[in-house]
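Reading through the structure tokens given below for one structure.
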Amino acid sequence: MSWADSVSVAENLAGAPPKSAYVPPHLRNRPSADPPAQASYAGTAAFGNDHGGYGVPNVVGSRWSGQRNEYQSGFAGGGGRGGGWNSRSGGWDRGRDREVNPFKDADSEVVGEQESSAINFDAYEDIPVETSGENVPPPVNTFSDIDLGEAVDENIRRCKYVKPTPVQRHTIPISLAGRDLMACAQTGSGKTAAFCFPIISGIMRGQFPRPPRPRMAFPLALILSPTRELSCQIHDEAKKFSYQTGVKVVVAYGGAPINQQLRELERGVHILVATPGRLVDLLERARVSLQMIRYLALDEADRMLDMGFEPQIRKIVQQMDMPPPGVRQTMLFSATFPKEIQRLASDFLSNYIFLAVGRVGSSTDLIVQRVEYVQETDKRSHLMDLLHAQKENGVHGKQALTLVFVETKKGADALEHWLCINGFPATAIHGDRTQQEREHALRSFKTGKAPILVATDVAARGLDIPHVAHVVNFDLPNDIDDYVHRIGRTGRAGKTGLATAFFNENNSSLARSLSDLMQEANQEVPAWLSRFAARSSYGGKNRRGGGRFGGRDFRRDSSYNRGATTDYYGGGANMSSGYASGGYNASYGAAGVTSAWD
DNA sequence: AAAAAAG
């Protein structure tokens, strides 16, 4: 029995309240006399007075704020639905009302040791971090430096998180201070926890008015992500972080029956994790209202704001009933953040802090990148060679998990089929497959049943698949940022990984940015690639500045911040880890607490 | 031009 299991058994024996006495969720597992803070809902007044433009804000505030009932207990007890411990079928119908313990890892048959979630912290030690913005709260060094509350602390222990990762060290204090944030940080570096912990803790501590309408869900926090699988993954993690806190997390995404999601929503939700399409659907059906949103997080924010998604995101964030920036707290995350996207994103933010955490692998070479010149017609046999070699080098002749990216959905189907008939157990994932097929593919890959996964860009971002040893860019993407996201599927949690790219004339537009990127990451750049790069060097569009980071604060650009050209760090930038901190100049008066790395 | 996201 694992440690987590024994904990859960002990809790089930000792920790659960007696079934006869109802205990509101936010009071469970707390010392009995713990009067909720008198904080009340200061934001409510501001809603109506300062931002009269949206919705029916004061209805919420004035009608409910005087009542003893707060939001959370209203959910579980008074709502009349989904009720407390005894509301259903005589009270011993567990499963429903008893919270499933998310720590008895359902995926424990995954290839490899129990260590799968452990993070190699040594790999993070010398990662550079850069912040800019006014009055940046200083980072913390340990979880005990931050007061997230006992229940969340307990979940941190259950997750076996020993110390915060760089992105957590910086993000958590910023978020607890109520500040908006734009953060460049690779997923797999603990980003989800970085925004979930403060949200959960904030919801537990705050007092919120009761939801005004029974059949409509009024989440307090919204987390948006660009793919269904990523939303699921965030949901699973958030469930762990909120275990036994009374904070309810619900996920909503397309391709799955909506009815079950509707039922979940009706039973109450504090944190809603969703993909944009399904959320818009729910909003149009008036089954979800955003008027009580206090926290908004966009994961893979640069994708969420690119051409395909932007209208939907604007609709959700700006054209429904969500409180405006300054009233809600907004946090944007991505491994890459192009300037144009930053400009768009700043519409959603208020006096935000920009945070850039250096790429994992930039200094420690966690991901070995190789580029090989392969003609279109030779790609398949070349891939075959790689897979054969890999199998022979592997332990017990087992195929290491290999993720193969292709450009098109058709191409994914074709390559999967070809690999299978040639004796390689492969599966494929892309947006034309049913959600069932997608989830099945991901599962057989994770468990090693099909150790080769052929994927389109649906799998490029955010997915945390432990033990991916090799990412093959069978077809290179056109955008270097997509390349960065793809290779980020390996070398995760501080482990090493290999990324191989097949390059030919069709990719010449990427030559320059690819060779620059590899150079920055101390990778060996083949001479022929440098020649390609030199030939097509006029392309400014695909070039990126910033070196070790996925982006830098566009507010520090002279074109944005005129007059600041002589003061490069005029935005109040702080460099840590000993990089170039000489330029630091607090032009915002109190701007900036130097964020010392160690 | 392709991919994702609603049904």
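All values below were derived from every heavy atom in this structure, side-chain atoms included, with hydrogens, water molecules and symmetry-related copies excluded. Just so it is clear: chains get the letters A, B, ... in the order the sequence lines come, proteins before strands, and each one is counted from 1.
- Between the OH atom of A/Tyr483 and the P atom of B/dA2 there is a distance of 24 Å, rounded to whole Å.
- The distance from atom CZ of A/Phe309 to atom C1' of B/dA2 is 13 Å, rounded to the nearest whole Å.
- Within the 4.0 angstrom heavy-atom criterion, only backbone atoms of the sugar-phosphate kind lie near A/Arg228; the bases stay farther away.
- Between A/Leu282 atom CG and B/dA6 atom P the separation is 10 Å, expressed in whole Å.
- As judged by a 4.0 angstrom heavy-atom cut-off over every strand, A/Gly308 is placed among the base-contacting residues.
- In this structure, the CG atom of A/Leu224 is 13 Å from the P atom of B/dA5, given to the nearest Å.
- With distances taken from any side-chain atom of A/Thr408 to the nucleotides B/dA2, B/dA4, B/dA6, the minimum falls on B/dA2.
- Under 4.0 angstrom from either OP1 or OP2 of B/dA2 there lies no side-chain N or O belonging to A/Thr456.
- Here the P atom of nucleotide B/dA2 and the CZ atom of A/Phe405 are 19 Å apart, to the nearest Å.
- Taking atom CG of residue A/Asp432 and atom P of nucleotide B/dG7, one finds them 14 Å apart after rounding to whole Å.
- OP1 and OP2 of B/dA2 both lie 4.0 Å or more from every side-chain N or O belonging to A/Lys410.
- Distance, A/Asn259 CG to B/dG7 P: 12 Å, rounded to whole Å.
- Ion pairing between a basic and an acidic side chain is recognised when a charged N comes within 4.0 Å of a carboxylate O; A/Arg461 and A/Asp299 show no such pairing.
- Ion pairing between a basic and an acidic side chain is recognised when a charged N comes within 4.0 Å of a carboxylate O; A/Lys410 and A/Asp432 show no such pairing.
- Proximity of A/Thr275 to the phosphate of B/dA4: no side-chain N or O atom is located under 4.0 Å from OP1 or OP2.
- A salt bridge links A/Arg314 to A/Glu310: at least one charged side-chain nitrogen sits closer than 4.0 Å to a carboxylate oxygen.
- Checking A/Asn506 against A/Glu376 by side-chain atom types alone, a donor-acceptor pair falls below 3.5 Å.
- Between A/Ile316 atom CD1 and B/dA4 atom C1' the separation is 14 Å, expressed in whole Å.
- Put simply, A/Arg438 has a side-chain N or O that comes within less than 4.0 Å of OP1 or OP2 on B/dA5.
- Checking B/dA4, B/dG7, B/dA2 against the side-chain heavy atoms of A/Asp281 singles out B/dG7 as nearest.
- For an aromatic pair to be called close, the ring centres must be under 6.0 Å apart, and A/His382 with A/Phe474 fails this.
- Look at A/Arg278 and you won't find any side-chain N or O under 4.0 angstrom from OP1 or OP2 of B/dA5.
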